[in-house]
Amino acid sequence: MCDYNRDANLNQIQSYAMMIFVTDDHTLSLSVIWVIDSGCTNHACNDREAFTMMNNKRINITLADGSVIQSAGKGTVGDIQDVNYVPQFKHNLLSVHQLTEQGYDIIFTMEG
């Protein structure tokens, strides 16, 4: 799991997911703005209202600096499943790793 709040000297994050096309000809619903993160193990969302379903399953999350925090739950945001609720995070993280494990193909392109 990654945390972009850890270092004020890091460049500001510029890329956000606007549309994600998946292999079975439909589009994931993006009810919140996500940072697409290839180094992140699991999806994380900081907005409780974005979840359409949530359970109280709490997991330990290791941050990039080695510290550990605990999620406040886990659930579904739009069509995105297994999202950790982490209200402490500044950005919502969409894990490339987790999407590919769930069978999605991720393609990065310069086309706009």
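Keep in mind that the numbers below use all heavy atoms, side chains included, and drop hydrogens, waters and symmetry copies. In this chain, numbering begins with 1 at the start of the sequence shown. Values in this document were obtained by computation on a predicted structure and should not be read as measured data.
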Which atoms form the tightest heavy-atom contact between [X] and [Y], and what is the distance?
X	Y	value
Asn92	Cys45	OD1-CA, 3.1 Å
Gln102	Gln81	NE2-O, 3.7 Å
Leu93	Cys40	CD1-SG, 3.7 Å

Within the distance-only criterion (no hydrogens, no angle test), does the side chain of [X] pair as donor or acceptor with the backbone N or O of [Y] below 3.5 angstrom?
X	Y	value
Ser67	Leu63	no
Asn55	Lys57	yes
Gln98	His43	yes
Asn46	Lys90	yes
Ser38	Val96	no

Interatomic spacing from [atom1] in [X] to [atom2] in [Y] - rounded to 0.5 Å:
X	Y	atom1	atom2	result
Leu94	Ile33	CG	CD1	13.0 Å
Trp34	His91	CH2	NE2	13.5 Å
Lys74	Met54	NZ	CE	11.5 Å
Ile36	Ile106	CD1	CD1	7.5 Å
Asn42	Ser95	CG	OG	6.0 Å
His97	Asp37	NE2	CG	12.0 Å

- request: Report the C-alpha distance between Thr100 and Asp105 in whole Å, list the side-chain angles of each, state the deciding distance to 0.1 Å, and finish with yes or no for side chain to side chain contact (heavy atoms under 4.5 Å, CB included).
  value: CA-CA 6 Å; Thr100 57; Asp105 292 330; over 6 Å; no
- prompt: What pairs meet the ring-ring contact (aromatic ring centres under 6.0 Å, His included) rule with one or both residues in residues 57-80, with sequence neighbours excluded?
  reply: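 Passing the test, one end in residues 57-80: no pairs.
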- prompt: Any ring-ring contact (aromatic ring centres under 6.0 Å, His included) pairs touching residues 51-87, not counting sequence neighbours?
  reply: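 Residue pairs passing ring-ring contact (aromatic ring centres under 6.0 Å, His included), neighbours aside: Phe51-Tyr85.
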- prompt: Is the shortest heavy-atom distance from the side chain of Ile69 to the side chain of Phe89 under 4.5 Å?
  reply: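 Yes, close enough: below the 4.5 Å cut-off.
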field: Worked verdict on Val86 versus Ile61 for side chain to side chain contact (heavy atoms under 4.5 Å, CB included)
entry: CA-CA 9 Å; Val86 189; Ile61 298 170; 3.6 Å; yes
